[in-house]
Trainee: 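Here you go, one structure.
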Amino acid sequence: CPSNRQQLRPTFWGLHLKITDSILALFTALLFVATGLLYVATRNLVRGADDTGRRQLRGYLGAHPVDAVGLEDSNPIGVAFHFINYGKTPVLKFNLIGAIDLLPFPLPDDFVLPEPPHRAKQDGIIFPKEVNPMIGWVWEQGNEPLDATTKSEILVRDTPHEIYAHGTATYEDVFGITRRTEFCFYLNPAAIPRDSSGAIVRNKDGGLPYQWAPLAGRNNVD
């Protein structure tokens with residue numbers, strides 16, 4: 001009868017509205033969670049892409065010994081390094097500290113290298129793969145250069161001491177992040193050519209053939 005339908009209708013539609021509201025609330029909660037997860041995933045993806053982009057675009061500075069003086073005369077020993085930017089953007093505020101020290105050979109793994117002396121800031125700029133690379137010199141520490149006897153001993157194949165050219169180049173990449181290139185090379189007595197008696201074989205100009213070898217674990221680019 002009509003009266004019964006009128007009594008049932010409010011109850012039916014009330015139940016329908018309650019079910020609809022519950023589904024909507026559940027859907028809203030799920031959407032909120034999904035949105036939050038998507039935000040976190042997107043943020044991490046953007047950060048990852050940003051870090052990847054910086055690694056691809058930033059400058060990377062390498063140190064390469066190219067010349068030396070004072071190995072066989074009374075002058076202080078000095079080693080010239082080329083600093084080459086292997087990245088895609090310039091490095092800024094380039095500064096170099098370094099030194100040459102007479103140290104045990106071979107050098108123990110836990111040996112702490114002497115601190116190089118202070119030097120004035122250079123604040124240079126090095127562009128990617130320059131035709132004429134930046135040159136920086138490192139020199140003997142101390143007031144007195146090594147004497148002739150000591151210099152001859154470092155050329156002996158089984159020398160217990162050797163000279164090490166070491167230092168740190170600091171610079172900024174284009175993103176304003178400070179970077180470091182640490183280097184350490186030693187005069188390799190095993191690379192000097194010798195005859196059957198062990199005497200040094202010089203080149204046609206009477207010069208000393210030698211090699212600066214990188215010391216394992218002491219050359220790092222951050």
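Heads up: numbering here begins at 1 and tracks the sequence.
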Trainee: Any link between Ile126 and Val221 through a network of hydrophobic side chains (Ile, Leu, Val, Met, Phe, Trp, Tyr) touching at under 4.5 Å?
Mentor: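 The answer is yes; both residues are in one hydrophobic cluster.
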Trainee: Measure the spacing between CD1 of Ile84 and OG1 of Thr181 and express it to the nearest 0.5 Å.
Mentor: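 So the gap between those two atoms works out to 12.0 Å.
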Trainee: Do Phe111 and Arg218 come within less than 4.5 Å of each other through their side chains, counting heavy atoms only?
Mentor: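 When only atoms from C-beta onward are counted, Arg218 and Phe111 do touch, with a gap below 4.5 Å.
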Trainee: Specify the closest pair of heavy atoms between Pro117 and Ala99, including all atoms of both residues, with the distance to one decimal.
Mentor: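 Result for this residue pair: CD-CB, 3.9 Å.
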Trainee: Would you check if Ile77 and Ile163 make a side-chain contact, meaning some heavy-atom pair closer than 4.5 Å?
Mentor: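 The answer is yes; the side chains approach within 4.5 Å.
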Trainee: Should the heavy atoms of other residues, nucleotides or ligands under 6.0 Å from CG of Asp109 be counted, would the total exceed 12?
Mentor: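 12 or below, so no.
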Trainee: Could I get the full list of salt bridge (charged side-chain N to carboxylate O under 4.0 Å, His left out) partners for Arg194, not counting sequence neighbours?
Mentor: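 Testing Arg194 for salt bridge (charged side-chain N to carboxylate O under 4.0 Å, His left out), a comparison that skips the adjacent residues, returns none.
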Trainee: What do the steps show when you test Arg54 against Phe175 for side-chain contact (heavy atoms from CB on, under 4.5 Å), and what is the final call?
Mentor: CA-CA 8 Å; Arg54 288 186 177 187; Phe175 302 101; 3.7 Å; yes
Trainee: Is it the case that the side chain of Thr159 and the backbone of Val156 share a donor-acceptor pair, with hydrogens and angles ignored and the cut-off at 3.5 Å?
Mentor: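 No, Thr159 side chain to Val156 backbone: no donor-acceptor pair under 3.5 Å.
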Trainee: Side chain of Asn219, backbone of Pro214: donor and acceptor closer than 3.5 Å?
Mentor: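 No; judged by distance alone, with no hydrogens or angles, the pair does not exist.
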Trainee: Please check if Leu208 and Ile154 belong to a single hydrophobic cluster, counting links between Ile, Leu, Val, Met, Phe, Trp and Tyr side chain heavy atoms closer than 4.5 Å.
Mentor: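 They do share one cluster, since a chain of ILVMFWY contacts under 4.5 Å joins Leu208 to Ile154.
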Trainee: Output the rest of the hydrophobic cluster of Ile125: all Ile, Leu, Val, Met, Phe, Trp and Tyr residues reachable through side-chain heavy-atom contacts under 4.5 Å, sorted by chain and number.
Mentor: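 Members other than Ile125 - counting any ILVMFWY side chain reachable under 4.5 Å - are Leu92, Phe127.
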Trainee: Would you please test Asn95 and Asp123 for side-chain contact (heavy atoms from CB on, under 4.5 Å) and show each step?
Mentor: CA-CA 6 Å; Asn95 288 288; Asp123 284 337; 3.1 Å; yes
Trainee: Tell me, with the steps shown, if Leu107 and Leu215 meet side-chain contact (heavy atoms from CB on, under 4.5 Å).
Mentor: CA-CA 9 Å; Leu107 198 68; Leu215 187 62; 3.6 Å; yes
Trainee: Are Val174 and Leu57 connected into the same hydrophobic cluster when the rule is that any two of I, L, V, M, F, W, Y join if their side-chain heavy atoms are below 4.5 Å apart?
Mentor: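 Linked, Leu57 and Val174 end up in one cluster.
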Trainee: Might you confirm whether atom CG of Asp205 has over 12 heavy atoms from other residues, nucleotides or ligands at distances under 6.0 Å?
Mentor: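 Yes, CG of Asp205 has more than 12 neighbouring heavy atoms, counting only those of other groups under 6.0 Å.
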Trainee: What is the ring orientation for Phe105 with Tyr186, classed by angle as parallel under 30°, tilted 30 to 60°, or perpendicular over 60°?
Mentor: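 Plane angle between 30° and 60°, so tilted.
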Trainee: Transitively linked via ILVMFWY side-chain contacts under 4.5 Å: Phe183 with Leu113?
Mentor: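 Phe183 does not cluster with Leu113.
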Trainee: Could you go through the side-chain contact (heavy atoms from CB on, under 4.5 Å) check for Trp212 and Asn188 one step at a time?
Mentor: CA-CA 6 Å; Trp212 291 100; Asn188 184 8; over 6 Å; no
Trainee: As an exercise, state the distance from CZ of Arg58 to CD1 of Ile177, rounded to the nearest 0.5 Å.
Mentor: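 Rounded to the nearest 0.5 Å, the CZ-CD1 separation comes to 8.0 Å.
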Trainee: Can you name the nearest heavy-atom pair linking Pro114 to His166, along with the distance?
Mentor: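 Closest heavy-atom pair between Pro114 and His166: O-CE1, 3.1 Å.
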Trainee: Between Glu72 and Arg202, does any NZ, NE, NH1 or NH2 come within less than 4.0 Å of an OD or OE carboxylate oxygen?
Mentor: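 Result for this pair is yes, salt bridge flagged.
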Trainee: Of Trp137, Phe185, Trp139, which is the lone residue that meets ring-ring contact (aromatic ring centres under 6.0 Å, His included) with Phe81?
Mentor: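 Filter result, single survivor: Phe185.
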Trainee: Looking at every heavy atom in both Glu140 and Pro145, which two are closest together, and how far apart are they?
Mentor: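 Smallest interatomic distance, heavy atoms only, reads OE1-CA, 3.4 Å.
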Trainee: Judged by atom type as modelled, is there a donor-acceptor pair below 3.5 Å linking the side chain of Tyr60 to the main-chain atoms of Arg55?
Mentor: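 Yes; at least one donor-acceptor contact below 3.5 Å.
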Trainee: Thinking salt bridges, do Lys151 and Glu153 make one under a 4.0 Å N-O criterion?
Mentor: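 Salt bridge: no.
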Trainee: Between Gly98 and Val138, which heavy-atom pair has the shortest distance, and what is it?
Mentor: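 Looks like CA-CG1, 3.6 Å.
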Trainee: Under 4.5 Å between side-chain heavy atoms, hopping through other hydrophobics if needed: is there a path connecting Leu102 to Tyr210?
Mentor: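 Yes, same cluster.
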Trainee: Hey, could you give me the CG/CZ distance between Leu155 and Arg157, rounded to the nearest 0.5 Å?
Mentor: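 Reported value, rounded in 0.5 Å steps: 12.0 Å.
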Trainee: Which heavy atom in Tyr164 sits nearest to a heavy atom in Pro106, and how many Å separate them?
Mentor: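 Minimum heavy-atom separation between Tyr164 and Pro106: OH-C, 4.1 Å.
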Trainee: Rounded at 0.5 Å granularity, tell me how far NE2 in His82 sits from CG in Asn132.
Mentor: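 Here the interatomic distance stands at 8.0 Å.
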Trainee: Does Arg179 have any salt bridge (charged side-chain N to carboxylate O under 4.0 Å, His left out) partners at least two apart in sequence or in another chain, and if so, which?
Mentor: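 Here the qualifying residues are Asp173.
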Trainee: Quick one, Glu172 and Val91 - any side-chain contact, counting heavy atoms below 4.5 Å?
Mentor: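 Glu172 vs Val91: side chains apart.
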Trainee: Indicate the atoms forming the closest heavy-atom contact of Gln122 with Leu96, along with that distance.
Mentor: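 Scanning both residues completely, I find the closest heavy atoms to be OE1-N, 2.6 Å.
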Trainee: Please round to the nearest 0.5 Å and tell me the distance separating atom CG of Leu61 and atom CZ of Phe83.
Mentor: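 Going from the CG atom of Leu61 to the CZ atom of Phe83 covers 7.0 Å.
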Trainee: Distance from Lys121 atom NZ to Phe94 atom CZ, nearest 0.5 Å?
Mentor: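 CZ of Phe94 is found 13.5 Å from NZ of Lys121.
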